[in-house]
A.B. asks: 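Here you go, one structure.
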Protein chains: 2
Amino acid sequence: MRLVVARCQIDYAGRLTAHLPMATRVLMIKADGSVLVHSDGGSYKPLNWMSPPCTLREGATEDGQVEWTVTNPKTDDTLRILLAEVISDSSHDLGIDPGLQKDGVEKHLQELLADHPGTLAEGLTLVRREYPTAIGPVDLMCRDAVGLSVAVEIKRRGDIDGVEQLTRYLELLNRDPLLTGNGAVRGIFAAQEIKPQARVLATDRGIACAVVDYDALRGLDDPSHRLF
Amino acid sequence: MRLVVARCQIDYAGRLTAHLPMATRVLMIKADGSVLVHSDGGSYKPLNWMSPPCTLREGATEDGQVEWTVTNPKTDDTLRILLAEVISDSSHDLGIDPGLQKDGVEKHLQELLADHPGTLAEGLTLVRREYPTAIGPVDLMCRDAVGLSVAVEIKRRGDIDGVEQLTRYLELLNRDPLLTGNGAVRGIFAAQEIKPQARVLATDRGIACAVVDYDALRGLDDPSHRLF
DNA sequence: AAGTGAATGTCGAGG
DNA sequence: CCTCGACGTTCACTT
(Lines give C-alpha, C1' and ligand atoms only; values in the text may rest on other atoms or scores of the structure.)
Protein backbone atom coordinates (compact mmCIF):
# COMPACT_ATOMS: atom_id res chain seq x y z
CA MET A 1 0.00 0.00 0.00
CA ARG A 2 1.43 3.30 -1.14
CA LEU A 3 0.02 6.63 -0.04
CA VAL A 4 0.84 9.76 -1.99
CA VAL A 5 -0.33 13.27 -1.22
CA ALA A 6 0.17 15.44 -4.27
CA ARG A 7 -1.05 18.36 -6.32
CA CYS A 8 -2.23 16.63 -9.45
CA GLN A 9 -4.48 16.70 -12.48
CA ILE A 10 -6.26 13.56 -13.66
CA ASP A 11 -7.92 12.26 -16.80
CA TYR A 12 -9.93 9.06 -17.05
CA ALA A 13 -11.05 7.34 -20.22
CA GLY A 14 -13.14 4.18 -20.15
CA ARG A 15 -16.91 3.71 -20.15
CA LEU A 16 -16.97 7.47 -19.83
CA THR A 17 -14.38 10.19 -19.87
CA ALA A 18 -13.77 12.36 -16.82
CA HIS A 19 -11.40 15.12 -15.87
CA LEU A 20 -10.11 16.44 -12.55
CA PRO A 21 -8.48 19.89 -12.58
CA MET A 22 -5.21 20.51 -10.77
CA ALA A 23 -5.65 20.27 -6.98
CA THR A 24 -4.14 18.62 -3.93
CA ARG A 25 -5.43 15.07 -3.37
CA VAL A 26 -4.58 11.73 -1.80
CA LEU A 27 -3.59 8.87 -4.10
CA MET A 28 -3.89 5.37 -2.71
CA ILE A 29 -2.08 2.67 -4.66
CA LYS A 30 -2.93 -0.86 -3.51
CA ALA A 31 -0.80 -3.96 -3.81
CA ASP A 32 -2.81 -5.23 -6.78
CA GLY A 33 -2.02 -2.04 -8.73
CA SER A 34 -5.44 -0.48 -8.23
CA VAL A 35 -5.53 3.27 -7.64
CA LEU A 36 -7.93 5.46 -5.66
CA VAL A 37 -8.05 9.25 -5.83
CA HIS A 38 -9.57 10.89 -2.77
CA SER A 39 -10.29 14.48 -1.89
CA ASP A 40 -11.02 15.82 1.56
CA GLY A 41 -14.77 15.39 1.33
CA GLY A 42 -17.53 13.39 -0.25
CA SER A 43 -18.21 9.94 1.06
CA TYR A 44 -16.37 6.68 0.58
CA LYS A 45 -16.41 6.83 -3.18
CA PRO A 46 -13.20 8.19 -4.64
CA LEU A 47 -13.24 11.06 -7.12
CA ASN A 48 -11.65 8.69 -9.56
CA TRP A 49 -10.18 5.20 -9.47
CA MET A 50 -8.90 2.18 -11.37
CA SER A 51 -10.11 -1.29 -10.45
CA PRO A 52 -7.82 -4.30 -10.60
CA PRO A 53 -6.35 -5.82 -12.62
CA CYS A 54 -4.30 -2.84 -13.65
CA THR A 55 -0.73 -1.65 -13.85
CA LEU A 56 0.86 1.69 -13.01
CA ARG A 57 3.62 3.02 -15.23
CA GLU A 58 5.63 6.00 -14.02
CA GLY A 59 6.81 8.37 -16.73
CA ALA A 60 7.48 12.01 -17.49
CA THR A 61 6.11 14.62 -19.86
CA GLU A 62 8.24 16.68 -22.25
CA ASP A 63 8.49 19.50 -19.74
CA GLY A 64 9.76 17.16 -17.02
CA GLN A 65 6.61 16.70 -14.97
CA VAL A 66 5.94 13.28 -13.45
CA GLU A 67 3.09 11.43 -15.12
CA TRP A 68 1.50 8.17 -14.04
CA THR A 69 -0.40 6.05 -16.51
CA VAL A 70 -2.64 3.37 -15.05
CA THR A 71 -4.11 0.89 -17.51
CA ASN A 72 -6.47 -2.05 -17.30
CA PRO A 73 -5.51 -4.45 -20.12
CA LYS A 74 -8.93 -6.19 -20.05
CA THR A 75 -11.23 -3.17 -20.31
CA ASP A 76 -8.81 -0.70 -21.94
CA ASP A 77 -9.61 1.86 -19.25
CA THR A 78 -6.83 4.34 -18.63
CA LEU A 79 -6.15 6.83 -15.89
CA ARG A 80 -3.54 9.54 -16.50
CA ILE A 81 -2.26 11.37 -13.45
CA LEU A 82 -0.09 14.44 -13.91
CA LEU A 83 1.84 15.15 -10.71
CA ALA A 84 2.74 18.82 -10.26
CA GLU A 85 4.04 18.53 -6.71
CA VAL A 86 4.48 15.52 -4.41
CA ILE A 87 3.87 16.51 -0.80
CA SER A 88 4.19 13.07 0.73
CA ASP A 89 4.96 9.57 -0.52
CA SER A 90 5.06 6.53 1.77
CA SER A 91 4.65 2.76 1.51
CA HIS A 92 3.46 0.23 4.06
CA ASP A 93 3.12 -3.54 4.12
CA LEU A 94 -0.39 -4.31 5.37
CA GLY A 95 -0.51 -8.05 4.79
CA ILE A 96 -3.71 -9.84 3.86
CA ASP A 97 -6.90 -8.67 5.50
CA PRO A 98 -8.96 -11.31 7.30
CA GLY A 99 -12.11 -9.75 5.85
CA LEU A 100 -15.42 -8.38 7.03
CA GLN A 101 -18.09 -10.27 8.95
CA LYS A 102 -21.62 -8.93 8.38
CA ASP A 103 -24.92 -9.46 10.14
CA GLY A 104 -28.34 -7.97 9.59
CA VAL A 105 -28.90 -7.93 5.84
CA GLU A 106 -31.87 -9.17 3.80
CA LYS A 107 -30.95 -12.81 4.30
CA HIS A 108 -31.35 -12.41 8.07
CA LEU A 109 -34.66 -10.64 7.62
CA GLN A 110 -35.82 -13.59 5.54
CA GLU A 111 -34.66 -16.05 8.21
CA LEU A 112 -36.48 -14.15 10.93
CA LEU A 113 -39.70 -13.90 8.93
CA ALA A 114 -39.46 -17.59 8.03
CA ASP A 115 -39.37 -18.30 11.78
CA HIS A 116 -42.24 -15.91 12.52
CA PRO A 117 -44.58 -15.78 9.49
CA GLY A 118 -47.48 -14.97 11.82
CA THR A 119 -46.13 -11.43 12.22
CA LEU A 120 -46.95 -10.79 8.53
CA ALA A 121 -50.59 -11.89 8.73
CA GLU A 122 -52.67 -13.60 11.38
CA GLY A 123 -52.48 -17.38 11.10
CA LEU A 124 -49.88 -17.42 8.33
CA THR A 125 -47.66 -20.53 8.29
CA LEU A 126 -44.52 -21.27 6.29
CA VAL A 127 -44.60 -23.82 3.47
CA ARG A 128 -41.02 -23.24 2.37
CA ARG A 129 -38.31 -20.63 1.94
CA GLU A 130 -36.87 -19.86 -1.52
CA TYR A 131 -39.81 -21.61 -3.21
CA PRO A 132 -38.51 -22.34 -6.72
CA THR A 133 -40.23 -21.08 -9.87
CA ALA A 134 -39.13 -20.82 -13.50
CA ILE A 135 -38.32 -17.14 -13.07
CA GLY A 136 -36.53 -17.40 -9.74
CA PRO A 137 -37.24 -18.32 -6.13
CA VAL A 138 -40.12 -16.81 -4.14
CA ASP A 139 -38.71 -15.63 -0.80
CA LEU A 140 -41.40 -17.26 1.33
CA MET A 141 -44.28 -19.48 0.25
CA CYS A 142 -46.93 -19.60 2.97
CA ARG A 143 -50.45 -20.75 3.65
CA ASP A 144 -52.99 -18.55 5.39
CA ALA A 145 -55.53 -19.41 8.09
CA VAL A 146 -58.05 -20.77 5.57
CA GLY A 147 -55.52 -22.75 3.55
CA LEU A 148 -54.88 -20.33 0.66
CA SER A 149 -51.36 -19.95 -0.76
CA VAL A 150 -49.53 -16.70 -0.03
CA ALA A 151 -46.30 -15.59 -1.75
CA VAL A 152 -44.11 -13.23 0.28
CA GLU A 153 -41.45 -11.01 -1.26
CA ILE A 154 -38.96 -9.55 1.22
CA LYS A 155 -36.88 -6.41 0.72
CA ARG A 156 -34.91 -4.25 3.09
CA ARG A 157 -36.18 -1.20 1.24
CA GLY A 158 -39.44 -1.68 -0.61
CA ASP A 159 -39.70 0.20 -3.90
CA ILE A 160 -41.46 -0.38 -7.19
CA ASP A 161 -39.02 -3.01 -8.42
CA GLY A 162 -39.97 -5.34 -5.59
CA VAL A 163 -43.68 -5.00 -6.37
CA GLU A 164 -43.01 -5.75 -10.04
CA GLN A 165 -41.00 -8.80 -9.04
CA LEU A 166 -43.76 -10.13 -6.78
CA THR A 167 -46.34 -9.41 -9.51
CA ARG A 168 -44.39 -11.57 -11.96
CA TYR A 169 -44.23 -14.38 -9.41
CA LEU A 170 -47.97 -14.16 -8.72
CA GLU A 171 -48.81 -14.26 -12.44
CA LEU A 172 -46.78 -17.43 -12.78
CA LEU A 173 -47.94 -19.06 -9.55
CA ASN A 174 -51.58 -18.46 -10.42
CA ARG A 175 -51.18 -20.71 -13.46
CA ASP A 176 -50.33 -23.64 -11.17
CA PRO A 177 -53.50 -25.63 -10.35
CA LEU A 178 -51.79 -27.22 -7.34
CA LEU A 179 -51.50 -23.80 -5.68
CA THR A 180 -54.76 -22.27 -6.88
CA GLY A 181 -56.95 -25.25 -6.01
CA ASN A 182 -58.54 -23.43 -3.09
CA GLY A 183 -58.35 -19.96 -4.64
CA ALA A 184 -55.91 -17.46 -6.14
CA VAL A 185 -52.44 -17.07 -4.66
CA ARG A 186 -52.20 -13.82 -2.69
CA GLY A 187 -49.08 -11.67 -2.32
CA ILE A 188 -47.51 -9.94 0.65
CA PHE A 189 -44.80 -7.35 0.10
CA ALA A 190 -42.68 -7.18 3.27
CA ALA A 191 -39.97 -4.60 3.87
CA GLN A 192 -38.38 -2.56 6.64
CA GLU A 193 -39.49 0.54 4.75
CA ILE A 194 -42.03 0.81 1.93
CA LYS A 195 -41.89 3.74 -0.49
CA PRO A 196 -45.21 5.50 -1.20
CA GLN A 197 -45.12 4.69 -4.93
CA ALA A 198 -44.49 1.03 -4.17
CA ARG A 199 -47.40 0.99 -1.72
CA VAL A 200 -49.74 2.52 -4.29
CA LEU A 201 -48.70 0.06 -6.98
CA ALA A 202 -49.00 -2.90 -4.61
CA THR A 203 -52.45 -1.83 -3.39
CA ASP A 204 -53.57 -1.30 -7.00
CA ARG A 205 -52.61 -4.91 -7.72
CA GLY A 206 -54.20 -6.37 -4.62
CA ILE A 207 -50.87 -7.01 -2.93
CA ALA A 208 -50.73 -6.48 0.82
CA CYS A 209 -47.88 -4.46 2.35
CA ALA A 210 -46.15 -5.34 5.62
CA VAL A 211 -43.64 -3.06 7.27
CA VAL A 212 -41.21 -5.21 9.23
CA ASP A 213 -39.54 -4.17 12.47
CA TYR A 214 -36.18 -5.91 12.40
CA ASP A 215 -35.35 -5.28 16.04
CA ALA A 216 -38.76 -6.47 17.25
CA LEU A 217 -38.43 -9.63 15.17
CA ARG A 218 -35.00 -10.26 16.57
CA GLY A 219 -36.49 -9.76 20.02
CA LEU A 220 -38.78 -12.74 19.42
CA ASP A 221 -35.68 -14.91 19.06
CA ASP A 222 -33.82 -13.34 21.98
CA PRO A 223 -34.02 -15.53 25.11
CA SER A 224 -34.16 -12.42 27.30
CA HIS A 225 -37.49 -11.54 25.67
CA ARG A 226 -39.06 -14.97 26.05
CA LEU A 227 -41.90 -15.52 28.47
CA PHE A 228 -40.84 -19.04 29.49
CA MET B 1 -7.19 14.90 5.76
CA ARG B 2 -5.53 12.57 8.24
CA LEU B 3 -3.95 9.28 7.20
CA VAL B 4 -3.25 6.62 9.80
CA VAL B 5 -1.69 3.24 9.23
CA ALA B 6 -2.40 1.00 12.19
CA ARG B 7 -3.02 -2.49 13.43
CA CYS B 8 -6.65 -2.26 14.50
CA GLN B 9 -9.90 -4.04 15.15
CA ILE B 10 -13.20 -2.50 14.13
CA ASP B 11 -16.86 -2.86 14.97
CA TYR B 12 -19.70 -1.16 13.14
CA ALA B 13 -23.30 -0.91 14.27
CA GLY B 14 -25.92 0.82 12.17
CA ARG B 15 -28.25 -0.54 9.51
CA LEU B 16 -26.30 -3.75 10.01
CA THR B 17 -23.56 -4.84 12.35
CA ALA B 18 -20.12 -5.76 11.07
CA HIS B 19 -16.80 -6.77 12.56
CA LEU B 20 -13.21 -6.58 11.35
CA PRO B 21 -10.65 -8.72 13.20
CA MET B 22 -7.29 -7.27 14.23
CA ALA B 23 -5.08 -6.50 11.22
CA THR B 24 -3.02 -3.71 9.69
CA ARG B 25 -5.09 -1.22 7.72
CA VAL B 26 -5.19 2.35 6.45
CA LEU B 27 -7.57 4.76 8.15
CA MET B 28 -8.54 7.89 6.21
CA ILE B 29 -10.14 10.66 8.24
CA LYS B 30 -11.56 13.45 6.12
CA ALA B 31 -12.10 17.05 7.10
CA ASP B 32 -15.85 16.52 7.57
CA GLY B 33 -15.16 13.79 10.15
CA SER B 34 -15.97 10.89 7.85
CA VAL B 35 -13.79 7.81 8.17
CA LEU B 36 -12.71 5.20 5.62
CA VAL B 37 -11.04 1.89 6.46
CA HIS B 38 -9.03 0.41 3.61
CA SER B 39 -7.09 -2.80 3.25
CA ASP B 40 -4.51 -3.56 0.59
CA GLY B 41 -6.97 -5.08 -1.86
CA GLY B 42 -10.55 -5.13 -2.95
CA SER B 43 -11.69 -2.25 -5.09
CA TYR B 44 -12.61 1.31 -4.23
CA LYS B 45 -15.11 0.37 -1.56
CA PRO B 46 -13.62 0.50 1.93
CA LEU B 47 -13.91 -2.46 4.28
CA ASN B 48 -15.81 -0.18 6.59
CA TRP B 49 -16.67 3.50 6.75
CA MET B 50 -18.70 6.27 8.31
CA SER B 51 -20.43 8.83 6.13
CA PRO B 52 -20.71 12.47 7.14
CA PRO B 53 -21.94 14.08 9.25
CA CYS B 54 -20.05 12.34 12.00
CA THR B 55 -17.60 13.05 14.78
CA LEU B 56 -14.54 11.16 15.95
CA ARG B 57 -13.83 10.90 19.66
CA GLU B 58 -10.45 9.61 20.77
CA GLY B 59 -10.48 7.61 24.01
CA ALA B 60 -8.86 4.69 25.75
CA THR B 61 -9.96 1.30 27.04
CA GLU B 62 -9.39 0.07 30.61
CA ASP B 63 -6.17 -1.65 29.60
CA GLY B 64 -4.80 1.51 28.04
CA GLN B 65 -5.39 0.81 24.36
CA VAL B 66 -6.38 3.71 22.14
CA GLU B 67 -9.98 3.55 21.01
CA TRP B 68 -11.73 5.77 18.49
CA THR B 69 -15.47 6.12 18.52
CA VAL B 70 -17.04 7.61 15.41
CA THR B 71 -20.70 8.49 15.66
CA ASN B 72 -23.32 9.89 13.32
CA PRO B 73 -25.83 11.80 15.45
CA LYS B 74 -28.54 11.64 12.74
CA THR B 75 -28.54 7.91 12.02
CA ASP B 76 -27.09 6.63 15.32
CA ASP B 77 -24.51 4.64 13.40
CA THR B 78 -21.32 4.00 15.34
CA LEU B 79 -17.89 2.79 14.37
CA ARG B 80 -15.54 1.63 17.12
CA ILE B 81 -11.87 1.35 16.21
CA LEU B 82 -9.49 -0.31 18.64
CA LEU B 83 -5.91 0.71 17.81
CA ALA B 84 -3.33 -1.86 18.87
CA GLU B 85 -0.36 -0.23 17.16
CA VAL B 86 -0.04 3.00 15.19
CA ILE B 87 2.52 2.64 12.41
CA SER B 88 2.06 6.04 10.82
CA ASP B 89 -0.06 9.12 11.48
CA SER B 90 0.02 12.20 9.27
CA SER B 91 -2.23 15.12 8.39
CA HIS B 92 -2.41 17.25 5.26
CA ASP B 93 -4.39 20.27 4.20
CA LEU B 94 -5.88 19.50 0.80
CA GLY B 95 -8.15 22.48 0.35
CA ILE B 96 -11.43 22.23 -1.51
CA ASP B 97 -11.55 20.03 -4.58
CA PRO B 98 -12.77 21.68 -7.82
CA GLY B 99 -14.75 18.52 -8.57
CA LEU B 100 -15.16 15.99 -11.36
CA GLN B 101 -16.26 16.70 -14.93
CA LYS B 102 -18.01 13.77 -16.63
CA ASP B 103 -18.92 12.99 -20.21
CA GLY B 104 -20.52 9.97 -21.87
CA VAL B 105 -23.40 8.78 -19.71
CA GLU B 106 -27.08 8.02 -20.50
CA LYS B 107 -27.95 11.65 -21.16
CA HIS B 108 -25.46 11.73 -24.02
CA LEU B 109 -26.84 8.51 -25.42
CA GLN B 110 -30.30 10.08 -25.40
CA GLU B 111 -29.01 13.20 -27.15
CA LEU B 112 -27.32 11.13 -29.83
CA LEU B 113 -30.39 8.96 -30.44
CA ALA B 114 -32.60 12.06 -30.50
CA ASP B 115 -30.38 13.35 -33.31
CA HIS B 116 -30.38 10.02 -35.14
CA PRO B 117 -33.69 8.20 -34.46
CA GLY B 118 -33.39 6.47 -37.84
CA THR B 119 -30.68 4.22 -36.40
CA LEU B 120 -33.31 2.63 -34.13
CA ALA B 121 -35.77 1.77 -36.90
CA GLU B 122 -35.98 2.62 -40.59
CA GLY B 123 -37.85 5.88 -41.14
CA LEU B 124 -38.27 6.75 -37.47
CA THR B 125 -38.51 10.48 -36.73
CA LEU B 126 -38.43 12.34 -33.43
CA VAL B 127 -41.58 13.96 -32.07
CA ARG B 128 -40.00 15.08 -28.80
CA ARG B 129 -37.52 14.15 -26.09
CA GLU B 130 -38.66 13.62 -22.48
CA TYR B 131 -42.28 13.31 -23.58
CA PRO B 132 -44.26 13.97 -20.39
CA THR B 133 -46.74 11.48 -18.93
CA ALA B 134 -48.44 11.18 -15.56
CA ILE B 135 -45.92 8.55 -14.43
CA GLY B 136 -42.81 10.27 -15.75
CA PRO B 137 -41.23 11.31 -19.04
CA VAL B 138 -40.79 8.95 -21.99
CA ASP B 139 -37.18 9.25 -23.20
CA LEU B 140 -38.08 9.65 -26.87
CA MET B 141 -41.49 9.88 -28.49
CA CYS B 142 -41.24 9.15 -32.21
CA ARG B 143 -43.32 8.46 -35.27
CA ASP B 144 -42.55 5.63 -37.67
CA ALA B 145 -42.58 5.55 -41.46
CA VAL B 146 -46.36 4.97 -41.62
CA GLY B 147 -47.22 7.57 -38.97
CA LEU B 148 -47.65 5.34 -35.91
CA SER B 149 -46.41 6.55 -32.49
CA VAL B 150 -43.35 4.84 -31.06
CA ALA B 151 -42.12 5.22 -27.45
CA VAL B 152 -38.39 4.69 -26.93
CA GLU B 153 -36.87 3.88 -23.57
CA ILE B 154 -33.09 4.33 -23.38
CA LYS B 155 -30.75 2.63 -20.91
CA ARG B 156 -27.03 2.21 -20.85
CA ARG B 157 -27.52 -1.35 -19.60
CA GLY B 158 -30.85 -2.90 -20.48
CA ASP B 159 -32.29 -5.18 -17.84
CA ILE B 160 -35.78 -6.19 -16.77
CA ASP B 161 -36.47 -2.94 -14.91
CA GLY B 162 -36.23 -0.94 -18.09
CA VAL B 163 -38.69 -3.22 -19.89
CA GLU B 164 -41.13 -2.89 -16.99
CA GLN B 165 -40.77 0.87 -17.12
CA LEU B 166 -41.46 1.00 -20.86
CA THR B 167 -44.40 -1.37 -20.41
CA ARG B 168 -45.97 1.00 -17.86
CA TYR B 169 -45.52 3.91 -20.27
CA LEU B 170 -47.07 1.96 -23.15
CA GLU B 171 -50.08 0.96 -21.06
CA LEU B 172 -50.68 4.59 -20.24
CA LEU B 173 -49.95 5.96 -23.72
CA ASN B 174 -52.32 3.48 -25.32
CA ARG B 175 -55.21 5.03 -23.41
CA ASP B 176 -54.58 8.35 -25.21
CA PRO B 177 -56.77 8.58 -28.34
CA LEU B 178 -54.54 11.33 -29.76
CA LEU B 179 -51.65 8.87 -29.95
CA THR B 180 -53.56 5.72 -30.86
CA GLY B 181 -55.64 7.28 -33.60
CA ASN B 182 -53.72 5.48 -36.35
CA GLY B 183 -52.99 2.36 -34.30
CA ALA B 184 -51.43 1.20 -31.02
CA VAL B 185 -48.26 2.87 -29.71
CA ARG B 186 -45.26 0.60 -30.21
CA GLY B 187 -42.22 0.39 -27.92
CA ILE B 188 -38.51 0.25 -28.64
CA PHE B 189 -36.10 -0.67 -25.86
CA ALA B 190 -32.69 0.80 -26.70
CA ALA B 191 -29.51 0.08 -24.74
CA GLN B 192 -25.80 -0.36 -25.22
CA GLU B 193 -26.21 -3.88 -23.85
CA ILE B 194 -29.43 -5.89 -23.40
CA LYS B 195 -29.59 -8.71 -20.85
CA PRO B 196 -31.09 -12.00 -22.08
CA GLN B 197 -33.93 -11.94 -19.55
CA ALA B 198 -34.81 -8.39 -20.56
CA ARG B 199 -34.83 -9.36 -24.23
CA VAL B 200 -37.14 -12.30 -23.55
CA LEU B 201 -39.55 -10.15 -21.52
CA ALA B 202 -39.53 -7.39 -24.14
CA THR B 203 -40.15 -9.80 -27.00
CA ASP B 204 -42.96 -11.44 -25.00
CA ARG B 205 -44.60 -8.03 -24.72
CA GLY B 206 -44.13 -7.07 -28.35
CA ILE B 207 -41.43 -4.55 -27.55
CA ALA B 208 -38.56 -4.26 -30.03
CA CYS B 209 -34.97 -4.27 -28.78
CA ALA B 210 -32.22 -2.09 -30.22
CA VAL B 211 -28.58 -2.49 -29.23
CA VAL B 212 -26.91 0.88 -29.58
CA ASP B 213 -23.29 1.40 -30.58
CA TYR B 214 -22.24 4.56 -28.73
CA ASP B 215 -19.03 5.08 -30.66
CA ALA B 216 -20.72 4.60 -34.04
CA LEU B 217 -23.44 7.09 -33.08
CA ARG B 218 -20.85 9.58 -32.00
CA GLY B 219 -19.15 9.02 -35.32
CA LEU B 220 -22.27 10.29 -37.11
CA ASP B 221 -21.79 13.62 -35.35
CA ASP B 222 -18.05 13.77 -35.88
CA PRO B 223 -17.17 16.07 -38.81
CA SER B 224 -14.25 13.81 -39.73
CA HIS B 225 -16.78 11.06 -40.52
CA ARG B 226 -19.07 13.21 -42.65
CA LEU B 227 -19.32 12.62 -46.38
CA PHE B 228 -19.78 16.29 -47.26
C1' DA C 1 -17.28 -16.94 -17.30
C1' DA C 2 -21.76 -14.89 -17.30
C1' DG C 3 -25.99 -13.61 -15.16
C1' DT C 4 -28.78 -12.11 -11.29
C1' DG C 5 -30.13 -9.53 -7.25
C1' DA C 6 -28.54 -6.91 -2.87
C1' DA C 7 -26.19 -2.81 -1.02
C1' DT C 8 -24.40 0.56 5.57
C1' DG C 9 -25.03 1.24 -1.84
C1' DT C 10 -23.67 6.67 -3.38
C1' DC C 11 -24.91 10.59 -6.09
C1' DG C 12 -27.46 14.03 -8.31
C1' DA C 13 -31.75 16.13 -10.17
C1' DG C 14 -36.31 17.59 -9.50
C1' DG C 15 -40.56 18.37 -6.85
C1' DC D 1 -36.73 17.76 2.71
C1' DC D 2 -37.90 13.65 0.25
C1' DT D 3 -38.29 10.72 -3.96
C1' DC D 4 -36.58 8.67 -7.87
C1' DG D 5 -33.39 6.84 -11.18
C1' DA D 6 -28.42 6.40 -12.88
C1' DC D 7 -24.04 4.55 -11.73
C1' DG D 8 -17.16 3.72 -14.70
C1' DT D 9 -22.26 1.18 -9.78
C1' DT D 10 -19.55 -2.79 -6.65
C1' DC D 11 -20.26 -7.20 -4.53
C1' DA D 12 -21.48 -11.90 -3.56
C1' DC D 13 -23.43 -15.87 -5.21
C1' DT D 14 -25.42 -19.06 -8.67
C1' DT D 15 -25.47 -21.34 -13.10
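Any value given below was found using the heavy atoms of this structure, including those in side chains, with hydrogens, waters and symmetry copies removed. Proteins come first, then strands; the chains are lettered A, B, ... in the order of their sequence lines, and each starts at number 1.
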A.B. asks: Can you tell me how far P of D:dT10 sits from NE2 of B:H38, to the nearest Å?
C.D. replies: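 In whole Å, D:dT10 P and B:H38 NE2 are 14 Å from each other.
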
A.B. asks: So which heavy atom on A:G158 is nearest to which on A:A198, and how close?
C.D. replies: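 Between these two residues, the closest heavy atoms are O-CB, 3.6 Å.
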
A.B. asks: Please name all residues satisfying side chain to side chain contact (heavy atoms under 4.5 Å, CB included) with A:R128, sequence neighbours left out, ordered by chain then number.
C.D. replies: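 Applying side chain to side chain contact (heavy atoms under 4.5 Å, CB included) to A:R128 gives A:Y131, A:P132.
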
A.B. asks: Over how many whole Å does the gap from A:K102 atom NZ to C:dA7 atom P extend?
C.D. replies: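 So the NZ-P distance, A:K102 to C:dA7, works out to 8 Å.
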
A.B. asks: Could you state the CG-P distance from B:L47 to D:dT10, rounded to the nearest angstrom?
C.D. replies: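 For the pair B:L47 CG and D:dT10 P, the rounded distance is 17 Å.
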
A.B. asks: In whole angstrom, what separates A:D103's CG from C:dA7's C1'?
C.D. replies: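 From A:D103 CG to C:dA7 C1': 15 Å.
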
A.B. asks: So what does A:D77 hit on the nucleic acid, given a heavy-atom distance under 4.0 Å: a base, only sugar-phosphate, or nothing?
C.D. replies: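 Touches a base.
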
A.B. asks: Name all residues meeting the side-chain hydrogen bond (donor to acceptor under 3.5 Å, both in side chains) criterion together with B:R186; count only those two or more places apart in sequence or in a different chain, and write none if there are none.
C.D. replies: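 B:D144.
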
A.B. asks: Going by salt bridge (charged side-chain N to carboxylate O under 4.0 Å, His left out), name the residues that satisfy it together with A:E67, two or more places apart in sequence or in a different chain.
C.D. replies: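 For A:E67, the residues satisfying salt bridge (charged side-chain N to carboxylate O under 4.0 Å, His left out) (neighbours in sequence not counted) are A:R80.
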
A.B. asks: Which side-chain N or O atoms in residues 104-121 of chain A pair as donor and acceptor under 3.5 Å with protein atoms at least two apart or in another chain?
C.D. replies:
residue	atom	partner	partner atom	Å
A:H108	ND1	A:G104	N	3.1
A:H108	ND1	A:V105	N	3.3
A:H108	NE2	A:D103	OD1	3.2
A:Q110	OE1	A:R129	NE	2.9
A:Q110	OE1	A:R129	NH2	3.3
A:Q110	NE2	A:E130	OE2	3.1
A:H116	NE2	A:D221	OD1	2.9
A:T119	OG1	A:H116	O	2.8

A.B. asks: Work out which heavy atom in A:D176 is nearest to a heavy atom in A:L178; give both atom names and the distance.
C.D. replies: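 Heavy-atom minimum between the residues: OD1-N, 2.9 Å.
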
A.B. asks: Dump every N/O contact between nucleotides 13-15 of chain D and the protein below 3.5 Å, one line per pair.
C.D. replies:
none

A.B. asks: In whole angstrom, give me the gap between the C1' atoms of C:dA7 and C:dC11.
C.D. replies: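 It comes out at 14 Å once rounded to the nearest Å.
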
A.B. asks: Testing the basics here: between A:F189 and A:I194, what is the closest heavy-atom pair and its distance to 0.1 Å?
C.D. replies: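 Closest heavy-atom pair between A:F189 and A:I194: O-CD1, 3.7 Å.
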
A.B. asks: For the side chain of A:K155, counting heavy atoms from C-beta on, which of C:dG5, D:dT10, C:dT10 is nearest?
C.D. replies: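 The answer is C:dG5, which lies nearest to the side chain.
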
A.B. asks: Let me know the distance between CD of B:E164 and P of D:dC4, rounded to the nearest Å.
C.D. replies: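 Going from B:E164 (CD) to D:dC4 (P), I get 17 Å.
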
A.B. asks: Return the value, rounded to whole Å, for the distance between atom CZ of B:R157 and atom C1' of C:dG3.
C.D. replies: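 It is 10 Å, rounded to the nearest whole Å.
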
A.B. asks: Holding to salt bridge (charged side-chain N to carboxylate O under 4.0 Å, His left out), I want the full list of residues that pass it with B:D89, two or more places apart in sequence or in another chain.
C.D. replies: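 B:D89 satisfies salt bridge (charged side-chain N to carboxylate O under 4.0 Å, His left out) with B:R2 once adjacent residues are dropped.
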
A.B. asks: For the pair made of CG in A:D161 and P in D:dT3, what is the distance, rounded to whole Å?
C.D. replies: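 Nearest whole value for this atom pair: 16 Å.
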
A.B. asks: Scan the side chains in residues 38-45 of chain B for donor-acceptor partners under 3.5 Å anywhere in the protein, sequence neighbours excluded, and list what turns up.
C.D. replies:
residue	atom	partner	partner atom	Å
B:H38	ND1	A:K30	NZ	3.1
B:D40	OD1	A:A31	N	2.5
B:D40	OD2	A:M1	N	2.8

A.B. asks: Just how far, in rounded Å, is P of C:dA2 from CD of B:E193?
C.D. replies: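 Atom-to-atom, B:E193 to C:dA2, this comes out as 11 Å.
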
A.B. asks: Near DNA chain C, counting only heavy atoms under 4.0 Å, which residues of residues 195-203 of chain A show up?
C.D. replies: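 Here the set is empty: none.
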
A.B. asks: Show me the protein contacts with nucleotides 11-13 of chain C, counting only N or O atoms at under 3.5 Å.
C.D. replies:
residue	atom	partner	partner atom	Å
C:dC11	OP1	A:S43	N	3.3
C:dC11	OP2	A:S43	OG	3.4

A.B. asks: Would you kindly compare B:G14 and A:K74 by the position of their nearest DNA chain C nucleotide and give the one closer to the 5′ end?
C.D. replies: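 The residue closer to the strand's 5' end, by nearest nucleotide, is A:K74.
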
A.B. asks: B:Q9: what forms a side-chain hydrogen bond (donor to acceptor under 3.5 Å, both in side chains) with it, not counting sequence neighbours?
C.D. replies: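 Here no residue qualifies.
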
A.B. asks: Is the distance from OP1 or OP2 of C:dT8 to the nearest side-chain N or O of B:T75 less than 4.0 Å?
C.D. replies: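 Negative; the distance criterion is not met.
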
A.B. asks: So, using side-chain hydrogen bond (donor to acceptor under 3.5 Å, both in side chains) as the criterion, who are the partners of B:T61 when residues are at least two apart?
C.D. replies: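 B:D63.
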
A.B. asks: Would you please name every residue forming a side-chain hydrogen bond (donor to acceptor under 3.5 Å, both in side chains) with B:R157, sequence neighbours left out?
C.D. replies: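 For B:R157, no residue satisfies side-chain hydrogen bond (donor to acceptor under 3.5 Å, both in side chains) once neighbours in sequence are set aside.
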
